[in-house]
Visitor: 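Below: one structure in structure tokens.
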Amino acid sequence: MGKELLELDYVALLKVAKLQQLQNRISLVMGLSTLVTDPDGRPITRVSNLCSFCAMVNATDEGRKRCETWRAELARTVTASGQRKMGACHADLAYLAVPLKVKGETIAVAMGGSVALALLQERKTVKLAGELGLGKEKLLAAARAVPIWSKKRFQDASELFYVLVNALIQLSYSRQELQQQEKELSALLEFSRTVLSTLRISEVASRALEAVLGLTGATSGSVVMLSENTPGVTSSEVAAAIEPGSELRVIPSGEVVAVVTREGRAVHFNSHPEGKTAEERRPAVSVPLTVGGDVTGVLTLAGKPEGATFGKDEVRFLTVLGAGLALALENARLFR
């Protein structure tokens with residue numbers, strides 16, 4: 001539930017948007033081969049409308065490997081620069097790759113190609129046939145059948161593919177973001193009811209922790225309250241802690257608490273840095289609990305499945321929840 005509530009899964013978003021069906025239709029109409037990958041070049045959709053030349057190349061293990069490697073490098077280059085890039089693949093066919101962005105972040109790369117901007121050279125085609133173990137005459141015949149486009153026609157067709165796919169992504173994202181906001185609001189209201197249902201500090205903190213662990217999928221957490229009984233000296237009190245075992249305690253160190261208090265921001269750290277894997281290191285995050293601009297406590301979580309870290313959206317939402325928790329704790333402290 002935590003990931004569904006707090007972070008948008010862009011790959012799932014693209015699949016739900018029926019991107020494959022749209023891509024197939026566009027490819028047939030425009031006569032281009034098209035594909036959408038993630039920022040690292042891993043395919044999100046299947047390649048649509050391969051020309052016979054590309055189909056022959058991809059029918060071999062080595063040819064398919066070369067195509068996948070080249071597309072992955074192109075996607076990573078486009079993601080790193082944030083700019084579109086046109087180039088020739090390992091077999092000299094033209095491709096244009098364009099970054100697809102949501103809120104300025106590249107979430108995918110759209111590619112269009114499998115056409116030639118000039119007649120493919122027979123010498124290179126014969127060499128490629130030998131390297132891939134293909135029949136020379138058959139590959140030469142397929143090479144001669146590759147469509148030859150002007151650079152402008154190729155750019156215009158690729159741009160149309162990008163515009164249509166990008167529009168679909170933005171519309172789907174807007175719809176999913178609205179659903180996301182609705183879920184967050186419901187969770188926030190339920191959380192508020194939970195922490196405001198008692199005036200005992202330990203119960204407020206424990207109930208809040210149970211709710212937050214359920215929302216994020218974390219397994220450990222703690223709530224530390226801060227007070228300044230002596231001017232300039234801050235003391236802390238563990239109001240609640242939940243962990244699956246004593247060896248997995250996640251009470252933040254004094255250094256972490258000091259940074260959160262001083263800077264009023266979330267701090268990421270490994271609660272068990274001696275671990276060999278991410279899951280064993282148990283990435284944690286401490287967020288400030290603030291009342292009237294002052295940090296009055298620290299909420300800490302750790303132990304997400306497979307050692308996952310806490311993303312920006314989660315931290316933002318936890319900070320919002322923390323404001324409600326801080327107020328409830330302050331009311332309980334005043335009552336006490």
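Keep in mind it's a predicted model, so treat the numbers as computed, not measured.
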Visitor: Does any part of the side chain of Thr37, heavy atoms only, come nearer than 4.5 Å to the side chain of Arg42, both counted from C-beta?
Guide: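 Answer no - side chains too far apart.
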Visitor: Under 3.5 Å, is there a donor-acceptor pair linking the side chains of Thr34 and Ser27?
Guide: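 Thr34 vs Ser27: donor-acceptor pair found between side chains.
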Visitor: Of all heavy-atom pairs between Ser271 and Arg282, which one has the smallest distance, and what is that distance?
Guide: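 Distance-wise, the nearest heavy atoms are OG-O, 2.8 Å.
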Visitor: Check the surroundings of atom CZ in Arg46: do more than 12 heavy atoms from other residues, nucleotides or ligands lie under 6.0 Å from it?
Guide: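 No - once you tally the heavy atoms of other residues, nucleotides and ligands closer than 6.0 Å, there are 12 at most.
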Visitor: Heavy-atom distance under 4.5 Å between the side chains of Val109 and Leu100, does that happen here?
Guide: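 The answer is no; the side chains never approach within 4.5 Å.
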Visitor: State the CG-OG1 distance between Leu74 and Thr69, to the nearest 0.5 angstrom.
Guide: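 Taking CG in Leu74 and OG1 in Thr69, the distance rounds to 12.5 Å.
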Visitor: Does CD in Glu274 sit with more than 12 non-hydrogen atoms of other residues, nucleotides or ligands closer than 6.0 Å?
Guide: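 Counting other residues, nucleotides and ligands, CD of Glu274 exceeds 12 neighbours.
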Visitor: For Phe53 and Ala91, work out which heavy atoms get closest and say how close.
Guide: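 Closest heavy-atom pair between Phe53 and Ala91: CE2-CB, 3.8 Å.
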Visitor: Do Val285 and Val287 make a side-chain contact, defined as non-hydrogen atoms from C-beta onward lying under 4.5 Å apart?
Guide: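 Yes; the side chains approach each other to less than 4.5 Å.
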Visitor: Just checking Arg25: does its CZ atom have more than 12 heavy atoms from other residues, nucleotides or ligands closer to it than 6.0 angstrom?
Guide: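 Not buried by this count: 12 neighbours or fewer within 6.0 Å.
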Visitor: Is there a side-chain contact between Tyr95 and Met86 (heavy atoms, below 4.5 Å)?
Guide: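 The answer is no, as the side chains (C-beta and beyond) never meet within the 4.5 Å cut-off.
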Visitor: Checking Lys124 against Glu131 for the salt bridge (charged side-chain N to carboxylate O under 4.0 Å, His left out) test, could you report, in this order, the C-alpha distance in whole Å, the side-chain angles of both residues, the deciding distance, and whether it holds?
Guide: CA-CA 11 Å; Lys124 289 187 176 181; Glu131 292 172 345; over 6 Å; no
Visitor: Mind checking whether Met111 and Val47 have side chains closer than 4.5 Å, heavy atoms only?
Guide: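 They are not in contact (no side-chain heavy atoms under 4.5 Å apart), so the answer is no.
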Visitor: Run the salt-bridge test on Arg144 and Glu122 with the 4.0 Å N-O cut-off and return the result as yes or no.
Guide: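 Salt bridge flag = yes for Glu122 with Arg144.
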Visitor: Side chains of Val224 and Pro252: closer than 4.5 Å at any heavy-atom pair?
Guide: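 Yes - at least one pair of side-chain heavy atoms lies under 4.5 Å apart.
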Visitor: What I'd like to find out is whether the side chain of Arg153 reaches to under 4.5 Å of the side chain of Ser150, using heavy atoms alone.
Guide: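 Heavy-atom side-chain distance check passes, below 4.5 Å.
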Visitor: Restricting to non-hydrogen atoms, name the atom on Gln83 and the atom on Val78 that form the minimum distance, rounded to 0.1 Å.
Guide: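 Between these two residues, the closest heavy atoms are O-CG1, 3.5 Å.
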Visitor: Exactly one of Val212, Ile242, Leu215 should register a side-chain contact (heavy atoms from CB on, under 4.5 Å) with Leu301. Which one does?
Guide: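 Per the side-chain contact (heavy atoms from CB on, under 4.5 Å) rule, the option paired with Leu301 is Val212, out of Val212, Ile242, Leu215.
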Visitor: Is there a donor-acceptor contact under 3.5 Å linking the side chains of Asn49 and Ser33?
Guide: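 Per modelled atom types, Asn49 and Ser33 side chains form no pair under 3.5 Å.
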Visitor: If you measure from CG on Asp156 to NZ on Lys151, what distance do you get to the nearest 0.5 Å?
Guide: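 Reported to 0.5 Å precision, the distance equals 12.0 Å.
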Visitor: Dump the intermediate steps for salt bridge (charged side-chain N to carboxylate O under 4.0 Å, His left out) on Arg207 and Glu203, then the final yes or no.
Guide: CA-CA 6 Å; Arg207 292 180 184 182; Glu203 286 188 8; 3.4 Å; yes
Visitor: Taking side chain as C-beta onward, heavy atoms only, is Cys67 less than 4.5 Å from Val57?
Guide: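 Sidechains of Val57 and Cys67: in contact.
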Visitor: Taking a hydrophobic cluster as the set of Ile, Leu, Val, Met, Phe, Trp and Tyr residues connected by side-chain heavy atoms closer than 4.5 Å, whether directly or through intermediates, do Leu318 and Val204 fall within one such cluster?
Guide: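 Yes: a chain of side-chain contacts under 4.5 Å links Leu318 to Val204.
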Visitor: Taking Ala258's backbone N and O only, do any of them form a donor-acceptor pair with Glu263's side chain (distance below 3.5 Å, no angle check)?
Guide: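 Side chain of Glu263 to backbone of Ala258: no pair is present.
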Visitor: Flag the pair Glu105 and Lys101 as a salt bridge only when some basic side-chain nitrogen lies within less than 4.0 angstrom of an acidic carboxylate oxygen.
Guide: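 A salt bridge is absent here (no side-chain N lies under 4.0 Å from a carboxylate O).
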Visitor: If I compare all heavy atoms of Leu226 with all of Val257, which pair ends up nearest, and what's the gap?
Guide: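 Scanning both residues completely, I find the closest heavy atoms to be CD2-CG1, 3.8 Å.
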Visitor: Could you tell me which non-hydrogen atom of Lys304 sits nearest to which non-hydrogen atom of Thr309, and how far apart they are?
Guide: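 Between these two residues, the closest heavy atoms are NZ-O, 3.5 Å.
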Visitor: Of the non-hydrogen atoms in Val250 and Ser222, which two are nearest, and what is the gap between them?
Guide: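 Closest pair (atom of Val250, atom of Ser222, distance): O-OG, 3.0 Å.
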Visitor: Drop me the distance from Lys65's NZ to Thr60's OG1, to the nearest 0.5 angstrom.
Guide: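 Going from the NZ atom of Lys65 to the OG1 atom of Thr60 covers 11.5 Å.
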